[in-house]
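What follows is a short report on a single structure.
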There are 2 protein chains.
Amino acid sequence: MSSTAHSSDTGDAGDDSGDGGPTAARLRSLPSRLLSQTAAHADRLVTEGLATADARKWHYAVLVALREQGPASQAGLSRHAGMYRSDLVAVINELADRGHVERTPDPADRRRNVITITPRGRAQLRRLDGLLATIQDQVLAPLAPAEREELVRMLTRLAEHHGAHGRPGADDPMARGS
Amino acid sequence: MSSTAHSSDTGDAGDDSGDGGPTAARLRSLPSRLLSQTAAHADRLVTEGLATADARKWHYAVLVALREQGPASQAGLSRHAGMYRSDLVAVINELADRGHVERTPDPADRRRNVITITPRGRAQLRRLDGLLATIQDQVLAPLAPAEREELVRMLTRLAEHHGAHGRPGADDPMARGS
DNA sequence: CTACAAACGTTAGAGCAACTAACGTTCGGT
DNA sequence: ACCGAACGTTAGTTGCTCTAACGTTTGTAG
C-alpha cells in the first residue's frame, strides 16, 4: 500500500484531514491519470497525423503486421495486431479500397482470405513510418534522448507485465507473440 | 527531427515469425503505442477497481475537486476537473443519489447550483483514495520506487507540455492545470 | 430602464472505439 | 460421417468524448 513519496511543491490550501490523508499534489500525479492524459494527447496527434495520409491507426498496425509476417489470414493479422477480427474486416476493406492490400481466397484453406500487401501498400507504409516518427518526436518533445529511451524501457516493462497478467476470456485480441 | 530509419525492404524475406526481429522491435516500441497500451491497462484496473466501490472515474475526479476547492458551481467543477459540463450533470446526479454531494441552488446567483460534499462523500472519497493507491501499485508493479518517481516526473512533463500546447476551442474542458 | 452578450444548468445527439454474439462456411480429427 | 473448432462477416451494445442548442439568469452598455 505504500507507494511513492512526494514533496509537495505548491501549498494550495490546507484542506486536509489531518490524520495522514494524501495531499492534493499526490492526486494530481496519479500515475494512471498521467498515463491516460498523455496517452490521449499522443493518440490525438497520431490520429490527426495519420488522417493527413488518409489512414487510421489500425491501418498502420495491419500494414506493419504484413511487413513483419508477410501474407497472412485475417485471423492471423487480428491476433498479431491485437485487434478483434470483427473490426479487422472494415480495416481490410478500406485498405483494399485504397489499393494497399489484396484480399484473395486461400486455395489451400477455403475458410481463409490471404491478405497481401501491394507495392502501393508498401509505399504507404513507408510514408506512415516517416509520419509516425515525426509524431513521436512531437509527443516526446520535452524529453532528452536518454530520457526517451528510459521512458520507452519502462513503458515496455509495464506493457509486458500487463501482457503476462492479461486475463483470458476475450475472443481474438491480445494474443501474445513476440 | 530524424529518428528512425528503416531498411528491410527488398525481398520479402522469410517470415521470422518467432520474435527478435530488430526492425519489428522498433515498431513495437513506438512510444505512442506503448502509452496507449499501458494507459488502457491502467484504465481498466481503475475502472474495475472503482466499480467495486460503486464509483466511476469522474466521480472521483469531482470529489477530489470538491476537497480541493470546497463547495463550487458545476461550471467551476467542470473546469477544475477538465470535463464537459454537459457530462458533469449525470455525475452530479449519481453522486447526489448516493448521498455523496448535495446540489443546492445558489441564492446569490440563481443560475448556479452549489455543489457541496457531504460527510458520506468525504468517507467515500477516503475510501477511493485508498483503493486508487492500491491500484497504482498494481499498475506500477514491475517498477522500483525510484523508477516510479522518474516515470511520474516524465509523464508530468509530457502532460504539462501538452497543456501548454493545447489549442483553444472547446467549450469547457481542459481549463487550468495547477 | 432597456437591450444585449455572456455564463449557467440541462437535454439531446453525433461520432467513435472497444467489445460481444451469432450466422453460415470450411476444415481437422476420430 | 460426424462433431467441434476456426474462419470471415454482420449486427448490435456499451461507454466515452465532444458539439449544439434551449431557457434562465446575470452583468454591463447605451
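The shown structure was predicted, so the numbers you read here are calculated from the model rather than taken from an experiment. Numbers restart at 1 for each chain; the letters A, B, ... are given by sequence-line order, proteins then strands.
Look at A:R85 and you won't find any side-chain N or O under 4.0 angstrom from OP1 or OP2 of D:dT10.
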Taking only nitrogen or oxygen atoms into account, show me every contact under 3.5 Å that the protein makes with nucleotides 12-17 of chain D, one pair per line with its distance.
unit_1	atom_1	unit_2	atom_2	d
D:dT17	OP2	B:W58	NE1	3.1

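In this structure, the nucleotide among C:dT11, D:dC7, D:dT10 sitting nearest to the side chain of A:A75 is D:dC7.
At whole-Å resolution of the value, CD in A:E94 and P in D:dT9 are 13 Å apart. Here the P atom of nucleotide C:dC19 and the CE atom of A:M83 are 12 Å apart, to the nearest Å. In this entry the distance linking CD of B:E48 with P of C:dA18 reads 16 Å, nearest Å. Atom CD of B:Q37 and atom C1' of C:dA17 are 16 Å apart (whole Å). Rounded to whole angstrom, the span from the CG atom of B:L88 across to the C1' atom of D:dC18 amounts to 15 Å.
Residues satisfying the salt bridge (charged side-chain N to carboxylate O under 4.0 Å, His left out) criterion with A:D106, sequence neighbours excluded, are absent altogether. In this structure B:T104 satisfies the side-chain contact (heavy atoms from CB on, under 4.5 Å) test together with B:V114, sequence neighbours excluded. Under the salt bridge (charged side-chain N to carboxylate O under 4.0 Å, His left out) criterion, B:D97 pairs with no residue at all, not counting sequence neighbours. Listed by chain and residue number, A:R103 satisfy the side chain to side chain donor-acceptor pair (under 3.5 Å) test with A:N93 (two or more places apart in sequence, or in another chain). Remark: B:S36 engages A:D43 in a side chain to side chain donor-acceptor pair (under 3.5 Å) (not counting sequence neighbours). For A:N113, the side chain to side chain donor-acceptor pair (under 3.5 Å) partners at least two apart in sequence or on another chain are A:Q74. In terms of the salt bridge (charged side-chain N to carboxylate O under 4.0 Å, His left out) criterion, B:R110 has no residue partners (sequence neighbours excluded).
Side-chain heavy atoms closer than 4.5 Å link hydrophobic residues (I, L, V, M, F, W, Y) into clusters, and following such links, possibly through other members, connects B:M154 to B:L143.
Residues from residues 95-116 of chain A that place a heavy atom under 4.0 Å from any atom of DNA chain D, listed by number: A:R103, A:R111, A:R112, A:N113.
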